[in-house]
Number of protein chains: 2
Amino acid sequence: MSTPILRRNTLQRQVILEELRRLHSHPTAPELYRIVRTRLPRISLGTVYRNLELLGQIGLVRRLELGGGETRFDGDPSQHDHVRCIRCAEVTDIRQPPGLRVEPAFGTLSGYRILGHRLEYYGICPDCQQREDRRGDGS
Amino acid sequence: MSTPILRRNTLQRQVILEELRRLHSHPTAPELYRIVRTRLPRISLGTVYRNLELLGQIGLVRRLELGGGETRFDGDPSQHDHVRCIRCAEVTDIRQPPGLRVEPAFGTLSGYRILGHRLEYYGICPDCQQREDRRGDGS
DNA sequence: GTGTATGCAAAGCCTTTGCAGCATG
DNA sequence: CATGCTGCAAAGGCTTTGCATACAC
């Protein structure tokens, strides 16, 4: 119940959170590791994982378990959904969910006690659309 | 455009599809491998992966990229959603989506050309609810 | 017989974890 | 100074892939 507290405010933790917040690319842990390492060359991948885990528990970071078999991280923990490009795998935030009612009255569903949902759209991002239009499609 | 054809109807392929259809547990490839191996002791994990990939392309099998960083497979390729138990990680089909409108008019969304969506609920399954009620909650 | 599919094994990722030393509060 | 955190490295799991062989057609 009691919210876990950030025990120590290490430089590594600060930088990880800073970079994750600045990025809007929803990186995986290894991706974020490569970026953070430009500022902290001696940081380890394990530290990145441990901090993302901890920041996720606190609620400062959101763990995204979307498609692709990877776990991505989002520096914006507020409620929002995502679109993923099936061509370039880019993941983009959707700011205003277009007035849909996904949650089934928070009751039961097959006997489950429903606590929430995860919604992900997929499609083709603007860049990839251009790229394909330019080539006249054709697969 | 033309649907890829099942080139050869090998015993391995048959058994993989059979077992996946019988199971309602949405197994990962390694899990399915362990099961199939009871019938075909000499089958290899690589074969399981290759067949799941192929069966997925044909549309006989559905690839589920839900949470948990694993890829799971569903022997029922029809359109339906899933609930995942946050306690025991079980994944269950939802047969009748409760009349919701998820797709945003199939137009653009942040410039994306939307092709579809993936919706996953999470909550607590009946068994885990019982287990927790019995213990009077606590943690 | 031809060419696809298989079994085997290696390799590449992602992720977690044990441990000794460091540094935060 | 106590101990949470870090860096390092090993280990485990999932997934893909190259190759020679086997087998479906």
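Below, read A as the first sequence line, B as the second, and so on, with proteins coming before strands; counting in each chain starts at 1. Predicted, not measured: the structure shown is a model, and the values here were computed from it.
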>> Can you tell me which nucleotide in D:dT6, C:dT6, C:dT15 comes closest to the side chain of A:Asn51?
In response: D:dT6
> Closest nucleotide of DNA chain D for B:Thr10 versus for B:Phe73: which of these residues is on the 5' side?
Replying inline: B:Phe73
>> Test of understanding: with side chain to side chain contact (heavy atoms under 4.5 Å, CB included), list the residues that count as partners of A:Ile35, not counting sequence neighbours.
In response: A:Glu19, A:Leu23
>> I'd like to check the side-chain hydrogen bond (donor to acceptor under 3.5 Å, both in side chains) partners of B:Ser44; sequence neighbours left out, ordered by chain and number.
In response: B:Thr47
> Are any of B:Thr71's side-chain N or O atoms less than 4.0 Å away from OP1 or OP2 of D:dT15?
Replying inline: yes
>> Among residues at least two apart in sequence or on other chains, which ones pass salt bridge (charged side-chain N to carboxylate O under 4.0 Å, His left out) with A:Glu90?
In response: none
> Mapping A:Arg63 and B:Gln12 to their closest nucleotides on DNA chain C, which lands nearer the 5' end?
Replying inline: B:Gln12
>> Taking side chain to side chain contact (heavy atoms under 4.5 Å, CB included) as the definition, give me every residue that meets it alongside B:Thr10, ordered by chain and number, with sequence neighbours left out.
In response: B:Arg8, B:Gln12, B:Arg13
>> Between C1' on D:dG4 and CD1 on A:Ile58, what's the gap in Å once rounded to a whole number?
In response: 13 Å
> Can you list the residues that meet the side chain to side chain contact (heavy atoms under 4.5 Å, CB included) rule with B:Phe73, with sequence neighbours excluded?
Replying inline: B:Leu20, B:Ala29, B:Leu52, B:Val61, B:Arg63, B:Thr71
> Heavy atoms, side chains only, cut-off 4.5 Å: are A:Arg62 and A:Asp76 in contact?
Replying inline: no
>> If I take atom CZ in residue A:Arg13 and atom P in nucleotide D:dG7, what distance separates them, rounded to the nearest angstrom?
In response: 11 Å
>> Distance check needed: C:dT24 C1' versus A:Leu11 CG, whole Å only.
In response: 12 Å
>> I need the full list of salt bridge (charged side-chain N to carboxylate O under 4.0 Å, His left out) pairs touching residues 27-38 of chain B, with sequence neighbours left out, sorted by first then second residue.
In response: B:Glu31-B:Arg72
> Of the residues in residues 30-42 of chain B, which ones touch DNA chain D at a heavy-atom distance under 4.0 Å?
Replying inline: B:Pro30, B:Arg34
Using the 3.5 Å cut-off, write out each protein N or O paired with an N or O of nucleotides 17-22 of chain D and the distance between them.
{"from": "D:dG18", "atom 1": "O6", "to": "B:Arg50", "atom 2": "NH1", "distance (Å)": "3.3"}

>> Going by the rule side chain to side chain contact (heavy atoms under 4.5 Å, CB included), which residues pair with B:Gln130 if we only count those two or more places apart in sequence or in a different chain?
In response: B:Arg134
>> Distance check needed: D:dC14 C1' versus B:Leu52 CG, whole Å only.
In response: 13 Å
